[in-house]
Amino acid sequence: MAIAEDLIHTQEDGKLSFGNYTLPSKQKKEGFAHGGDLYKVKTFREMTKLECNDNFVYESVPGTGVRDFQETEEGMSFVVEGAEDAQITLGLQEETGYEVFADGRSIGQMSTGLGGKLNISLELAGSGEVAVEIRKLA
């Protein structure tokens with residue numbers, strides 16, 4: 001289960017878990033230290049948002065729970081869970097091409113614009129969790 005009851009925490013393997021889509025009203029946690037960075041999370045039934053050092057990282061509408069979240073030079077990966085299908089926006093490198101995988105299957109190649117944002121839609125309702133991997137194109 002991907003719900004972080006404490007809104008955000010570091011897993012035993014060093015990856016992040018954040019978000020709680022079961023909350024009826026918005027809750028947030030600021031100043032969470034992880035890997036030398038400071039994270040802020042806002043989450044509830046309608047939205048989940050993650051920032052790192054005041055920079056946009058992740059947002060879902062409606063809210064989701066995320067575990068195994070990690071960013072690398074080549075992209076990011078995470079497992080997401082939600083009660084409904086979700087529109088997810090990710091903060092990546094500007095004007096860069098990526099291939100997006102859901103549960104190991106490619107769902108397409110996409111590029112970010114000047115703002116570095118990438119939008120994906122995931123079918124979460126009734127599917128449990130979906131493993132997402134974003135890989136920078138060579």
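None of the values given here were measured: they were computed from a predicted structure. Worth knowing before you read on, the calculation uses all heavy atoms, side chains too, and leaves out hydrogens, waters and symmetry mates.
For the side-chain contact (heavy atoms from CB on, under 4.5 Å) criterion with Thr64, the lone passing option out of Thr48, Asn20, Thr43 is Thr48. Under the side-chain hydrogen bond (donor to acceptor under 3.5 Å, both in side chains) rule, Arg67 has a single partner from His9, Glu129, Glu81, which is Glu129.
Distance check, rounded to the nearest 0.5 Å: NZ of Lys42 to CG of Leu50 gives 11.5 Å. To the nearest 0.5 angstrom, Leu90 atom CG is 10.0 Å from Ser60 atom OG. Residue Met76 holds its CE atom at 4.0 Å from CD of Glu71, rounded to the nearest 0.5 Å.
In plain terms, the two heavy atoms of Gly97 and Ser111 that are nearest each other are CA-OG, 3.8 Å. The two atoms that bring Leu124 and Asp85 nearest to each other are N-OD1, 3.0 Å, heavy atoms only. Of all non-hydrogen atoms in Val41 and Gly19, the two that sit nearest each other are CG2-N, 4.4 Å.
More than 12 heavy atoms of other shown residues, nucleotides or ligands fall within 6.0 angstrom of atom CG in Asp6. More than 12 heavy atoms of other shown residues, nucleotides or ligands fall within 6.0 angstrom of atom CD in Gln70.
Looking only at side-chain heavy atoms (C-beta outward), Lys28 and Leu7 stay at 4.5 Å or farther from each other. Lys26 places a side-chain heavy atom less than 4.5 Å from the side chain of Met47. Taking 4.5 Å as the limit, some side-chain heavy atom of Arg45 sits within range of a side-chain heavy atom of Pro24. The shortest distance between side-chain heavy atoms of Ser121 and Gln87 falls below 4.5 Å.
Side-chain contact, Tyr21 with Glu84: no donor N or O sits under 3.5 Å from an acceptor N or O.
Residues Phe32 and Phe18 place their aromatic rings such that the two centres sit no closer than 6.0 Å.
Hydrophobic cluster membership differs between Val66 and Val61, with clusters built from Ile, Leu, Val, Met, Phe, Trp and Tyr side chains linked at under 4.5 angstrom. When hydrophobic clusters are built by joining Ile, Leu, Val, Met, Phe, Trp and Tyr residues whose side-chain heavy atoms come closer than 4.5 Å, directly or via intermediates, Leu38 is not grouped with Tyr58. Two different hydrophobic clusters hold Phe101 and Ile134 under the rule that ILVMFWY side chains link at heavy-atom gaps under 4.5 Å.
For Glu133, the side chain to side chain donor-acceptor pair (under 3.5 Å) partners two or more places apart in sequence, or in a different chain, are Arg135. The side-chain contact (heavy atoms from CB on, under 4.5 Å) search around Thr112 returns Leu92, Thr96, Tyr98, Leu118, not counting sequence neighbours.
Of the possible donor and acceptor atoms, none in the side chain of Asp103 sits under 3.5 Å from a partner among the backbone N and O of Val130. For the pair Gln11 (side chain) and Asp68 (backbone), a donor-acceptor distance under 3.5 Å is present. When atom types are taken as modelled, the side chain of Asp13 and the backbone of Lys15 share a donor-acceptor pair closer than 3.5 angstrom. Checking side-chain atoms of Lys40 against main-chain N and O of Asp54 turns up no donor-acceptor pair under 3.5 Å.
Residue pairs meeting the ring pair (Phe, Tyr, Trp, His ring centres under 6.0 Å) criterion with at least one member in residues 37-56, sequence neighbours excluded: His34-Tyr39.
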Leu16 vs Thr10, side-chain contact (heavy atoms from CB on, under 4.5 Å): CA-CA, chis, key distance, verdict: CA-CA 5 Å; Leu16 278 178; Thr10 302; 4.1 Å; yes
